[in-house]
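Every value quoted in this text rests on a predicted model; they were computed, and no experiment measured them. Just so it is clear: chains get the letters A, B, ... in the order the sequence lines come, proteins before strands, and each one is counted from 1.
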Amino acid sequence: MLHYDFMQRAFCAGGLIALIASALGVYLMLRRQALMADMLSHVSLAGVAAGAYLSINPTLTGFVVAVVGAVAVEYVRKSYRTYSEISIAIIMIGGLSTAVVLMSLNQGVSKSFTSYLFGSVVAVNKTELWLMIFVSVIGGAFLFLFRRPLYQITFDEDTAKTGGLAVNWISLAFSVLTGMIVAAAMPIVGVLLVSSLIVLPAALAIRIAPSFNAAIVISMGIGLAGVFSGLSASYELSTPPGGTIALVLLFILVTGISVKKVVLKYGTKRFRKGNELKELRDSPMPRFSKDGLSTKSDSAG
Amino acid sequence: MLLASLEQVVFGYSDVPCLEDVNIHIYSGEFVAVTGPNGAAKTTLLKLALGLLQPWEGNVHLAPHNADGNKLVVGYVPQHIAAFNVGFPSTILEFVRSGRYVRGSWLRRMSKIDHDWTEKALRQVGMWELRHRKIGELSGGQKQRICIARALAQESDVLILDEPTTGMDQESRFGFYELMQHQVKERGKTVVMVTHGLSEVKDHLDRIIELERKDDGGWKCCTMTSCSGHFVPVG
């Protein structure tokens with residue numbers, strides 16, 4: 001399978017998107033913006049329609065409009081701070097309705113819309129691959145360099161602000177990056193796969209990860225495994241790659257959650273029978289200590 | 001040294017102001033309590049002082065530097081943090097260590113000093129033994145403890161605490177007040193704390209700021225100095 005050029009490009013582009021989108025997904029989910037990818041891809045469609053109408057490269061206009069949409073959602077989000085998803089719904093309605101109206105003005109666009117909706121990971125050309133590599137490098141660098149501020153902002157923006165972080169600028173940069181990744185990935189994998197790669201690996205990783213860093217790594221691993229196994233299955237079964245990858249990711253999510261429930265069930269039984277209960281019973285009550293001495297010595301005193 | 005001041009501040013969430021003519025000055029090395037009934041805009045007052053809300057009128061000033069000329073580090077412990085409800089996948093150790101991020105650049109490696117401060121802060125709040133637990137598994141009182149630990153780990157010059165003893169048992173509350181007094185008296189920190197348990201903490205305090213209802217239904221801000229008739233001297 002890998003001796004075909006198109007499959008090599010598909011694995012390369014799919015792998016890059018899997019890594020960057022699934023890492024991004026952890027932050028988006030915790031910021032209650034899990035549907036951001038859906039929103040940006042719908043908004044991006046308005047750009048594609050505008051590009052086709054104005055005879056400009058639709059990929060380029062889609063890219064620009066997605067970035068503008070990402071900036072817009074950041075501003076609307078401030079009006080609905082506790083319910084970030086409302087800002088996403090508002091911008092999505094604006095984007096999709098614009099796309100529909102622009103599409104009706106130019107009936108010839110309908111065909112290219114289908115390719116943007118479902119993408120074609122096995123028909124990736126070199127330009128799209130290079131654009132994806134470029135965006136992935138920028139995205140990877142941003143997520144690595146800003147990992148500590150992003151952790152603080154994702155946890156709580158108020159405490160991050162009082163800690164001296166430029167929360168508004170970092171948050172804006174994060175949204176723009178999300179727009180860039182979605183717009184670059186959309187022509188390759190389609191609207192469906194972009195959101196599945198952002199939401200599904202992160203949804204499982206957040207449930208099973210023992211720590212925040214582990215959640216990012218696990219999410220990237222799940223995304224990569226889902227894309228590679230989905231592409232292989234798609235090749236062997238002659239099924240559409242986008243849908244197959246999304247189904248594989250969904251299968252991984254359901255299996256992961258089921259396994260965790262089983263582990264928790266048996267783990268709880270072991271906990272009841274084992275020494276952990278005694279250990280918990282014998283452990284000292286947590287106490288405040290002025291000098292930071294261990295709680296054991298506190299309790300002894 | 002004057003750390004924070006609010007002068008003639010007016011603020012409201014709708015078209016009616018909830019705070020009017022607020023005049024407060026906070027000096028370094030003070031242990032101050034903010035008190036008042038529910039809905040008296042105590043949290044709003046803290047957020048105004050921190051710059052998280054912008055006043056309609058008046059001036060808010062927070063000193064950029066501490067008495068040593070270094071950047072002023074503010075440790076804020078909010079009343080509620082939404083991330084606790086969404087199952088934030090972080091360990092206690094990771095969370096408290098994030099308090100050290102304000103010290104130095106984002107990219108530097110965590111040093112032994114950072115680890116020592118993290119451990120000390122966790123031991124001060126009695127949570128060191130649970131450091132590998134996920135924060136989503138903690139009780140309300142334990143969540144408050146780790147938020148306090150994070151503020152302690154960042155070596156804050158000022159601790160701004162919004163009802164930090166919510167969910168704590170009585171013994172823990174007394175231990176916490178002693179810890180805060182230690183921070184003020186021995187370490188020269190400033191503590192501003194919203195509380196409903198004034199009777200428990202008043203022996204440790206330097207000053208009380210009380211929000212009282214005005215005749216027209218709004219809230220006004222009284223301090224020991226401006227409304228001395230309302231309070232029994234403390235400290």
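Within 6.0 Å of atom CZ in A/Arg207, 12 or fewer heavy atoms from other residues, nucleotides or ligands are found, so the atom counts as exposed in its surroundings. Heavy atoms from other residues, nucleotides or ligands lying under 6.0 Å from NZ of A/Lys261 number 12 at most. Counting heavy atoms of neighbouring residues, nucleotides and ligands inside a 6.0 Å radius, atom NE2 of B/His115 exceeds 12 of them.
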ask   = side chain to side chain contact (heavy atoms under 4.5 Å, CB included) between A/Thr162 and B/Ile160: does it pass, once the steps are laid out?
value = CA-CA 10 Å; A/Thr162 53; B/Ile160 310 267; over 6 Å; no
query = Between B/Phe95 and A/Phe212, does a side chain to side chain contact (heavy atoms under 4.5 Å, CB included) hold up when you go through it step by step?
reply = CA-CA 9 Å; B/Phe95 173 73; A/Phe212 188 80; over 6 Å; no
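Residues passing the side chain to side chain contact (heavy atoms under 4.5 Å, CB included) test with B/Arg173, sequence neighbours excluded: B/Thr165, B/Met168, B/Gln170, B/Tyr177, B/Glu200. A search for side-chain hydrogen bond (donor to acceptor under 3.5 Å, both in side chains) contacts involving B/Glu155 returns B/Arg100, not counting sequence neighbours.
In terms of heavy atoms, B/Tyr76 sits closest to A/Thr159 at O-CG2, 3.3 Å. For the residue pair B/Glu94 and A/Asn213, the shortest heavy atom distance occurs at OE2-N, 3.2 Å. Taking each heavy atom of A/Ser211 and B/Thr91 in turn, the nearest pair found is CB-CG2, 3.9 Å. The two residues B/Pro89 and A/Ile206 make their nearest non-hydrogen contact at CB-O, 3.9 Å.
Heavy-atom neighbours of chain B within the stretch residues 136-148 of chain A, taken at a separation under 4.5 angstrom, comprise A/Leu145, A/Phe146, A/Arg147, A/Arg148.
Heavy-atom distances place both the backbone and the side chain of B/Val74 under 4.5 Å from chain A.
With chain A as the partner, the residue from B/Met180, B/Gln154, B/Arg150, B/His132 showing the most heavy-atom pairs under 4.5 Å is B/Arg150. Among B/Lys71, B/Glu171, B/Gln181, the residue with the largest count of heavy-atom pairs under 4.5 Å with chain A is B/Glu171. Looking only at heavy-atom pairs under 4.5 Å with chain B, the residue among A/Gly164, A/Ala209, A/Ala215 that has the most is A/Ala209.
Within the structure, salt bridge (charged side-chain N to carboxylate O under 4.0 Å, His left out) contacts touching residues 39-54 of chain B (residues at least two apart or in different chains) are A/Asp158-B/Lys47.
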